[in-house]
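Structure first, then comments.
We name chains A, B, ... by the order of the sequence lines, and we start the count at 1 in each one. Atom set for the values below is all heavy atoms of this structure, side chains included, hydrogens, waters and symmetry mates excluded.
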Amino acid sequence: MTSHWLMKSEPHVYPWSQLVKDGSTHWDGVRNYQARNIMRDQMKVGDMVLFYHSNCKPPHVAGIAKVCKEAYPDFTAQDPGSKYFDPKATPENPRWMMVDIEPIMELNPVTLPELRQNGDLEGMPLLMRGQRLSVQPVSAEHFAIVCQIGGLDSNSL
DNA sequence: GCCAACGTTGGC
DNA sequence: GCCAACGTTGGC
């Protein structure tokens with residue numbers, strides 16, 4: 001059984017269009033234990049991902065991606081030249097993990113106000129007060145609704 | 001640019 | 001192990 005997730009990216013850092021260009025990407029730079037644990041323990045190849053653009057106007061879901069590689073050490077944590085460098089990360093204890101994702105389908109942007117306005121999305125973690133996790137779970141039902149708003153029948157995926 | 005919410009750090 | 005100080009996220 002595949003699971004569904006939402007991953008946040010700031011479009012000026014790594015936009016959906018770049019993921020399409022790259023064909024796939026390693027999701028480096030997550031430095032939050034809860035988000036790391038989700039990637040490390042729960043995300044499986046084939047899981048579906050809502051690719052969310054945060055910190056822009058308006059914030060929105062930009063497309064559908066898929067997990068194409070399961071968790072492995074985030075090497076940027078061990079690279080002193082990286083802005084994600086963490087001196088506590090070592091080869092023996094890499095501390096931070098990442099997964100790879102690949103783009104599946106672009107959506108008509110589904111904005112945050114649209115999401116908030118849809119009563120069937122009540123309880124979606126993204127919409128909860130104070131929610132900041134950059135990797136978070138999405139129910140199959142909510143995933144399907146977001147796809148539908150974005151003009152995609154998720155059954156066709 | 002403001003600030004609420006939340007996570008992390010480090011002194012004790 | 002408590003908690004104050006600080007840093008970050010991210011919507012507005």
Side-chain angles (χ1 to χ4, degrees), chain A residues 3-22 25-43 47-67 71-101 103-139 141-152:
Chain A
S3 304
H4 302 78
W5 311 100
L6 180 143
M7 298 174 99
K8 296 180 187 173
S9 185
E10 304 191 17
H12 64 91
V13 176
Y14 192 86
W16 166 262
S17 58
Q18 190 63 47
L19 179 64
V20 172
K21 274 182 206 160
D22 292 344
T25 196
H26 46 87
W27 205 254
D28 61 354
V30 172
R31 297 293 179 267
N32 170 283
Y33 288 107
Q34 217 179 329
R36 179 205 66 181
N37 292 349
I38 288 174
M39 291 197 293
R40 186 189 62 191
D41 304 334
Q42 296 185 251
M43 294 183 86
D47 282 1
M48 304 304 290
V49 175
L50 297 175
F51 191 102
Y52 180 81
H53 281 161
S54 65
N55 231 327
C56 57
K57 293 181 180 180
H60 59 278
V61 178
I64 305 299
K66 185 191 268 191
V67 177
Y72 60 105
D74 181 343
F75 52 80
T76 64
Q78 296 173 55
D79 174 6
S82 169
K83 66 172 174 172
Y84 298 126
F85 178 64
D86 180 349
K88 291 181 183 165
T90 64
E92 297 73 32
N93 179 14
R95 191 145 126 135
W96 302 112
M97 307 288 280
M98 59 188 177
V99 299
D100 286 5
I101 63 170
I104 298 299
M105 190 76 68
E106 185 162 342
L107 294 180
N108 300 329
V110 183
T111 68
L112 187 58
E114 284 179 291
L115 294 169
R116 289 202 186 283
Q117 183 200 330
N118 189 306
D120 293 331
L121 292 176
E122 197 171 333
M124 189 176 178
L126 179 73
L127 307 181
M128 308 285 276
R129 180 186 176 79
Q131 178 55 265
R132 303 185 316 184
L133 265 189
S134 61
V135 178
Q136 50 180 265
V138 178
S139 73
E141 293 76 15
H142 289 165
F143 182 87
I145 293 168
V146 173
C147 286
Q148 192 183 5
I149 300 172
L152 174 69

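- Regarding A/L126, its CG atom lies at a distance of 8 Å from the P atom of C/dG11, rounded to whole Å.
- Residue A/Y33 has no polar side-chain atom (N or O) positioned under 4.0 Å from OP1 or OP2 of B/dC6.
- Between the P atom of B/dG7 and the CZ atom of A/R36 lies a distance of 15 Å, rounded to the nearest Å.
- Straight-line distance from the CE atom of A/M128 to the C1' atom of C/dT9: 18 Å, rounded to whole Å.
- Annotation: A/Y33 is in aromatic contact with A/W96 [ring centroid separation under 6.0 Å].
- Taking atom CG of A/N32 as the reference point, atom P of C/dG10 lies 10 Å away to the nearest angstrom.
- Which of B/dT9, C/dG10, C/dG11 sits closest to the side chain of A/K8 comes down to C/dG10.
- Rounded to whole angstrom, the span from the CG atom of A/N55 across to the P atom of B/dC3 amounts to 17 Å.
- Relative to the side chain of A/E10, the nucleotides C/dG10, C/dC12, B/dG7 differ in distance, and C/dG10 lies closest.
- Between the CD1 atom of A/I38 and the C1' atom of B/dG7 there is a distance of 15 Å, rounded to whole Å.
- Between atom CG of residue A/D100 and atom CG of residue A/D28 there is a gap of 10.0 Å, rounded to the nearest 0.5 Å.
- Place A/Q131 and A/K57 on DNA chain B by their nearest nucleotides, and A/K57 ends up nearer the 5' end.
- Two residues, A/R31 and A/R132, neighbour DNA chain B, and the one matched to the more 5' nucleotide by heavy-atom proximity is A/R132.
- Aromatic ring orientation, A/H4 versus A/F143: tilted (interplanar angle from 30° to 60°).
- The separation between A/L115 atom CG and C/dG11 atom P is 11 Å, rounded to whole Å.
- The aromatic rings of A/F51 and A/W16 lie perpendicular to each other, with more than 60° between the two planes, well past the 30° mark.
- When rounded to the nearest whole Å, the span between CH2 of A/W96 and P of B/dG7 equals 13 Å.
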